[in-house]
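Here the structure is a predicted model, which is why all the values come from computation and not from measurement. Throughout, numbering of the chain's residues begins at 1 and tracks the sequence.
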Amino acid sequence: STIPKHYVNCMSNKDFITDKIIFRIFLHSNFCFISRRIFKAMNSIIKTTQSLVAETVSKIQTEIKKLADINSKEYAEKYMKNVSLYHGVKTPDLKSIVFKEAWDEYMKNMTLEERKEVAHSLLAQEYGEERYIGMPIFNKIPNYIVKNDIVRIEKLFKEEKLVGWGSTDGVSGYVFKHWVTGNMENT
C-alpha cells in the first residue's frame, strides 16, 4: 500500500526515526490512515527515544570532559591547524569511553536504531573527541550500516561538521569500509 499524500507532508517535518516508524505502520497494516491515538503514541515513543539518545550523548560528553587536559587540548588544536575544537583527551582514554561507558553501560539496553542515532549525533558534534567516539559505535555494528547512514554522514561533510583528515580517515576506517566490503554494488 502507499502512503496517502497528506501524510507525506506531515512526515517531512519529522526526523528519520519518525519517518521510519510511520512508514512501517503503513507497510504493515491494512489501514490507509493513522488514528490520532496511534499518532500520539508514536510521538510519545519518538520523544522517549530522542530523549534517550540526547541523554546518552550528554553522558558521553561528561565522561570526555572529565578526562580533558589543557596541554593535550592545545597540542591537538595546534597539530590539527585549528580545523576543529578539542577537549584534550588522548585516544586510549577515548577508546575506554567507547568500549566501557558508552557501549557496555549507557547503550546496553538500546535498540540498534537508537545506538545508530547516538553515533550520528556524536558525529555531528563540534569537538573532535565527540565525533571520534561516534565512529567506533558504527564499527561495532558493521552489518547494519545502510545507505541512509552514508547519506547522513555525507551531509555532515558537506555542512563542514566533519572536518580535517582525522574525521575523513576515521569515517573511512570505521564506517565506509563496512558499507563497501562485500557490497560491490555500493562502490
Side-chain angles (χ1 to χ4, degrees), residues 13-22 40-77 80 82-142 144-146 148-164 166-171 173-175 178:
N13 295 326
K14 305 293 181 192
D15 66 11
F16 172 70
I17 296 172
T18 307
D19 291 351
K20 197 166 193 175
I21 291 170
I22 289 174
K40 284 180 182 180
M42 286 174 22
N43 276 337
S44 175
I45 292 168
I46 292 161
K47 286 178 183 173
T48 301
T49 297
Q50 290 170 338
S51 175
L52 181 62
V53 168
E55 180 182 318
T56 302
V57 169
S58 179
K59 286 179 181 178
I60 291 169
Q61 290 169 326
T62 299
E63 291 296 324
I64 291 171
K65 289 173 187 173
K66 285 180 190 175
L67 299 171
D69 174 67
I70 189 69
N71 293 328
S72 295
K73 172 188 171 57
E74 290 171 355
Y75 176 79
E77 289 178 352
M80 294 301 290
N82 296 316
V83 170
S84 183
L85 296 174
Y86 290 87
H87 291 288
V89 180
K90 296 183 178 176
T91 303
D93 293 330
L94 290 174
K95 287 182 179 180
S96 173
I97 291 171
V98 171
F99 298 114
K100 290 183 183 148
E101 284 84 4
W103 192 261
D104 295 336
E105 184 62 30
Y106 304 144
M107 295 192 300
K108 67 181 175 186
N109 295 320
M110 292 180 123
T111 66
L112 179 66
E113 288 301 320
E114 290 166 338
R115 291 175 183 194
K116 286 170 60 170
E117 286 304 314
V118 169
H120 280 294
S121 180
L122 287 166
L123 287 178
Q125 298 302 312
E126 184 176 25
Y127 286 87
E129 293 96 340
E130 295 168 21
R131 290 191 305 270
Y132 173 82
I133 288 180
M135 297 174 203
I137 293 171
F138 278 109
N139 198 47
K140 290 182 82 57
I141 53 172
Y144 300 99
I145 297 170
V146 296
N148 187 52
D149 297 317
I150 303 304
V151 169
R152 290 175 69 184
I153 292 169
E154 180 183 24
K155 184 179 176 189
L156 293 175
F157 277 111
K158 288 179 181 177
E159 294 171 349
E160 297 184 1
K161 290 183 178 180
L162 281 173
V163 294
S167 292
T168 303
D169 285 358
V171 169
Y174 285 116
V175 184
H178 297 298

Closest non-hydrogen atom pair, [X] against [Y]:
X    : Y    : result
K108 : E105 : CG-O, 3.5 Å
L85  : E129 : O-OE1, 4.4 Å
F138 : A119 : CE1-CB, 3.4 Å

Separation between [atom1] of [X] and [atom2] of [Y], rounded to the nearest 0.5 Å:
X    : Y    : atom1 : atom2 : result
L112 : I141 : CG    : CD1   : 5.0 Å
K161 : I153 : NZ    : CD1   : 13.5 Å
S121 : I133 : OG    : CD1   : 12.0 Å
K116 : I145 : NZ    : CD1   : 7.5 Å
I60  : L94  : CD1   : CG    : 11.0 Å
S96  : L67  : OG    : CG    : 7.5 Å

Quiz prompt | Residue pair P136 / K95, side-chain heavy-atom distance below 4.5 Å | solution =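 P136 vs K95: side chains apart.
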Quiz item: Tell me, do I137 and M107 make a side-chain contact under 4.5 Å, heavy atoms counted?
Solution: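 Side chain of I137 against side chain of M107, heavy atoms only: contact under 4.5 Å found.
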Between [Y] and [X], do the side chains contain a donor N or O and an acceptor N or O under 3.5 Å apart?
X    : Y    : value
E55  : Y106 : no
Y86  : Y132 : no
H87  : E130 : yes
R131 : S84  : yes

Using only atom types and a distance under 3.5 Å, with no angle test, would you say the side chain of [X] pairs donor to acceptor with the backbone of [Y]?
X    : Y    : answer
E63  : I97  : no
D149 : V146 : yes
S58  : A54  : no
E77  : E74  : no

Exercise. Validate the cation-pi geometry between K140 and W103: distance from NZ or CZ to the six-membered ring centre under 6.0 Å, angle to the ring axis within 45°.
Key: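 Yes; both conditions hold, so K140 lies above the ring face of W103.
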Quiz item: Where do L156 and V171 land on the side-chain contact (heavy atoms from CB on, under 4.5 Å) test, with the steps shown first?
Solution: CA-CA 11 Å; L156 293 175; V171 169; over 6 Å; no
Quiz item: Should N139 and M135 be marked as a side-chain contact (heavy atoms from CB on, under 4.5 Å) after you check the CA-CA gap, both sets of side-chain angles, and the distance that decides it?
Solution: CA-CA 7 Å; N139 198 47; M135 297 174 203; over 6 Å; no
Self-check item: F157, CZ: over 12 other non-hydrogen atoms inside 6.0 angstrom
Solution: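 For F157, atom CZ is crowded (more than 12 foreign heavy atoms under 6.0 Å).
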Quiz prompt | Enclosure of E160 CD (heavy-atom neighbours >12, cutoff 6.0 Å) | solution =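 Check fails, neighbour count at 12 or below.
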Exercise. Measure from the ring center of Y144 to the ring center of H178 and say whether it is less than 6.0 Å.
Key: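 Judged by ring-centre distance (under 6.0 Å), Y144 and H178 do not meet the cut-off.
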